[in-house]
There are 2 protein chains.
Amino acid sequence: MSTISDMVEKYILNIVKNSEDGIIHIQRTDLSSRFSCVPSQINYVIKTRFTIERGFLVESKRGEGGFLKIIKIPMIQTKIYLDRINQGTANYIGAEQARNFLNRLVEEKILCERERNLIWQLLKDESLPCNKEEKGYQKGKMLKNLIGYIANEEENK
Amino acid sequence: MSTISDMVEKYILNIVKNSEDGIIHIQRTDLSSRFSCVPSQINYVIKTRFTIERGFLVESKRGEGGFLKIIKIPMIQTKIYLDRINQGTANYIGAEQARNFLNRLVEEKILCERERNLIWQLLKDESLPCNKEEKGYQKGKMLKNLIGYIANEEENK
DNA sequence: ATATTTCTGACTATATTTGACCATATAAAA
DNA sequence: TTTTATATGGTCAAATATAGTCAGAAATAT
């Protein structure tokens, strides 16, 4: 009882698994023709299965020579970090919460002070020209991606 | 998976790298025949890859003995550079522009690679859950705050 | 019966490639 | 010296090749 999306997921996972460094390049059109589905279904699979929560980062490029780049990051570490900031609402992060989280990363020597300060310049509310509600989601998203990156870095040591 | 434009870019970069002073003269027609493309594609490569954000200036001359002169901008004093960039930093910043800018700061040794990578996690479009228009202004705002911070880093100590 | 997940397609966004037409510098001819 | 021919490079819009978004239909699970 496997859907097309499940099969596409397995197919991609397999390629990632057989790759040297957990980084692969594939083409959306190739996948969609391989599985006889519309191209946008590949986006659906990416969006629902290759998330930061599941330990993946995805980048892409359009036009001639376009591709999907899928990057595997270790989920366990990601999860630990995600759990730490996810006290309360899942995706919404307040300013205070964000600062506390960064400070904790400094305490744990995951970031140095300068790194924290630089990051804060982008994360602080004054850098986000939108309403309070949106600011919260932006901070959430930004921190999640930061976490994904850091977790990946740890792995590669 | 490399486009013609990518190859032309690499070819030129290599010549620049092997030059004494980072200044080279090449001919548009030579490049286009070498890579079997139309001459205007060389202009495309120049326009998209040899930008000021990436640290290049390009001059040219037409007619008999014409050429493209590609200049790798040498290191400038940190503060002057930041001020110039800050002046030139529009309110609206595209993703490519942002990345080029960060890379430039790394080249100038204003940021180290890790700092750039961390910052990119917050600045990239995937971290900004809003429409394209807003993303541009957010990146502009974030970069300005980042620059402001770096420019005053000494005094803030 | 309703909620959730999956699938589809029309429309959008972006990167690259191509070609027709334009601009300018130098050399040759008048 | 002025005009004309030749040799470069520049611009811009259209064609092509990818990928992304979103809303609604269809299928599946609860």
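In what follows, chains carry the letters A, B, and so on, assigned in the order in which the sequence lines appear, proteins first and then strands, with residues in each chain numbered from 1. Values below: all heavy atoms of this structure, side chains included; hydrogens, waters and symmetry mates excluded.
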In whole angstroms, the gap separating P of C:dT14 from CD of B:Gln97 amounts to 13 Å
For B:Asp125 and C:dA15, give me the distance from atom CG to atom P, rounded to whole Å.
-> 11 Å
Looking at side-chain heavy atoms only, is the closest gap between B:Leu111 and A:Leu118 below 4.5 Å?
-> yes
Side chain to side chain donor-acceptor pair (under 3.5 Å) between B:Arg54 and B:Asn103: does it pass, once the steps are laid out?
-> CA-CA 7 Å; B:Arg54 293 195 187 190; B:Asn103 286 337; over 6 Å; no
Just how far is it from atom OH of B:Tyr11 to atom CZ of B:Phe35, taken to the nearest 0.5 Å?
-> 6.5 Å
Rounded to whole Å, CG of B:Leu68 lies from C1' of C:dA23 at a distance of 15 Å
Could you state the atom-to-atom distance from CD of B:Gln27 to C1' of C:dT24 in whole Å?
-> 15 Å
Distances under 3.5 Å between protein N/O atoms and the N/O atoms of nucleotides 16-21 of chain C, please, pair by pair.
| from | atom 1 | to | atom 2 | distance (Å) |
| --- | --- | --- | --- | --- |
| C:dT16 | OP1 | A:Lys61 | NZ | 3.0 |
| C:dT16 | OP1 | B:Arg49 | NH2 | 3.1 |
| C:dT16 | OP2 | B:Tyr44 | OH | 2.6 |
| C:dT16 | OP2 | B:Arg49 | NH1 | 3.1 |
| C:dT16 | O5' | B:Tyr44 | OH | 3.3 |
| C:dT17 | OP1 | B:Ile4 | N | 3.0 |
| C:dT17 | OP2 | B:Ser5 | N | 3.0 |
| C:dT17 | OP2 | B:Ser5 | OG | 2.6 |
| C:dT17 | OP2 | B:Gln41 | NE2 | 2.2 |
| C:dT17 | O5' | B:Gln41 | NE2 | 3.1 |
| C:dG19 | N7 | B:Ser40 | OG | 3.3 |
| C:dG19 | O6 | B:Ser40 | OG | 2.5 |

Verify the distance criterion only: is there a donor paired with an acceptor across the side chains of A:Asp6 and A:Thr3 at less than 3.5 Å?
-> yes
Please give, in whole Å, the distance from D:dG20 P to A:Lys69 NZ?
-> 14 Å
When rounded to whole Å, the CG to P distance for the pair A:Asn43 and C:dA10 reads 16 Å
Can you tell me if A:Gln138 and B:Ser127 form a side-chain donor-acceptor pair at under 3.5 Å?
-> no
Rounded to whole Å, CG of B:Leu31 lies from C1' of D:dG10 at a distance of 15 Å
Side chains of A:Gln41 and A:Ser32: is there a donor and an acceptor less than 3.5 Å apart?
-> no
Could you give the CZ-to-P distance, from A:Arg28 to C:dG9, as a whole number of Å?
-> 13 Å
